[in-house]
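Taking it in order: structure first as structure tokens, then the write-up.
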Amino acid sequence: MKPLLRTLGGEAVWPPPVWLMRQAGRYLPEYRAVRAGVKDFIALCTTPELAAEVTLQPIRRYGFDAAILFSDILILPWALGHGLEFREGEGPVLPKLHDEAGVAALDPSRVADRVAPVMETVRLVRTGLATEGFADTTLIGFAGAPFTVACYMIEGGGSKDFANIRGMAYAQPALFQRLMDTLTDASIEYLSAQVTAGAEALMLFDSWAGVLSPRLFRAHVIEPAKRIVAALNQRHPGVPIIGFPRLAATLAGDYAAATRVNGVGLDTAADLPRIAAMMPPSTAVQGNLDPLALVAGGAAMAAETAAILDAMRHAERPFIFNLGHGIVPQTPPEHVAALLRLVRAAS
Ligand code: 1CP
């Protein structure tokens with residue numbers, strides 16, 4: 001069985017399997033070359049041949065244990081009919097959802113058609129991995145978790161404090177719950193379609209989970225993830241799911257136990273063995289090198305990597321080496337190669 005799937009099945013594989021969030025992207029010259037040839041980022045995500053190509057680029061260059069579908073968490077709200085634009089150097093820009101009409105306008109009936117190119121990308125990547133000899137590489141499909149997707153829809157893009165979404169969760173709880181339910185249902189269908197197309201594992205990105213109070217974290221991070229995991233486990237038994245409740249701190253333990261995900265991605269601030277000890281023993285832990293240590297490279301990267309490997313070596317639980325958040329564009333590609341040598345040499 002593929003190393004990543006063994007790990008997500010509960011086995012402590014050593015050296016650990018390794019892949020990196022945002023492993024396809026602007027730090028790679030071959031990605032920039034493909035990106036320069038398309039009109040915008042959404043066009044790249046919805047052109048299967050190109051999306052499959054950029055998914056495979058980091059696998060060819062580094063031989064990671066996982067390929068992650070090239071798409072974006074905002075493709076799902078886009079497919080629901082919410083506007084989306086990626087402005088150069090500015091990140092995503094969306095209309096600000098703030099009322100009943102905004103939630104009522106979301107149309108789940110159009111999603112399947114609009115995400116059809118994503119499913120074709122999944123099929124092309126599976127074929128590509130097989131024909132190019134990457135028999136040990138696992139294809140991960142993904143979606144944004146409902147709360148993080150709602151953050152972008154309500155804030156209209158990124159935000160420093162997420163004041164609008166937190167305000168809505170407190171002041172308009174029924175409306176907010178309706179939005180969360182719509183996104184949860186749509187995520188189940190979207191992820192299920194990715195498995196049918198060939199995704200071998202799934203990941204749920206809740207990048208802004210850490211801005212919520214414990215009570216709201218339980219309601220809007222744990223509850224939707226629990227519902228998504230239960231529905232997918234029923235439809236696709238044996239397909240593992242990784243959750244990434246970023247900056248959850250000690251609530252990552254509650255998240256793992258309650259949602260029954262197979263793996264939990266931890267951010268750079270998490271002290272891995274201590275947070276891992278709060279989770280069921282078979283839950284895989286994934287993380288958590290600082291992306292800026294990867295930019296720095298050299299002795300600093302080696303020291304941070306050694307600290308993570310030393311902490312997990314004797315933990316006797318499944319572990320996947322990754323970053324604590326996505327690769328940043330200024331990362332020198334040769335530092336990624338050096339990191340893989342360090343992880344694969346782990347004794
Ligand atoms: O052309 C470009 O360089 C655009 C940059 C870019 C890329 C490469 C964006 C815009 N999205 C992506 C791809 C992407 N996004 C992947 C592909 C697979 C891979 O990992 O290689 C994935 C899994 C994502 C997920 C994603 N998008 C998240 C969750 C993980 C995280 O980083 O927190 C989030 C929050 C987004 C929103 C988003 N999309 C793009 C940007 C610049 C952002 C972040 C904006 C912000 O900081 O708020």
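Atoms within a ligand are numbered from 1 in the order they appear, just like the ligands themselves.
The side-chain contact (heavy atoms from CB on, under 4.5 Å) check on Pro280 picks up Ala256, Ala257, Thr283, with sequence neighbours excluded. For the side-chain contact (heavy atoms from CB on, under 4.5 Å) test, residues two or more places apart in sequence or in another chain that qualify with Asp181 are Gln177, Arg227.
Evaluation of the side-chain hydrogen bond (donor to acceptor under 3.5 Å, both in side chains) test over residues 253-269, restricted to residues two or more places apart or in two chains, returns Arg218-Asp254.
The pair Arg60-Glu53 counts as a salt bridge, with a side-chain nitrogen and a carboxylate oxygen less than 4.0 angstrom apart. The pair Arg166-Glu155 does not count as a salt bridge, with every side-chain nitrogen at least 4.0 angstrom from each carboxylate oxygen.
Contact residues of ligand 1 (protein heavy atom closer than 4.0 angstrom to a ligand atom; sorted by chain and number): Met21, Arg22, Gln23, Ala24, Arg26, Tyr31, Arg35, Phe41, Ile68, Leu69, Phe70, Ser71, Asp72, Ile73, Phe86, Pro92, Phe142, Tyr152, Gly158, Phe205, Ser207, His325.
You'll find the side chain of Ile222 stays beyond 4.5 Å of the side chain of Leu251, heavy atoms only.
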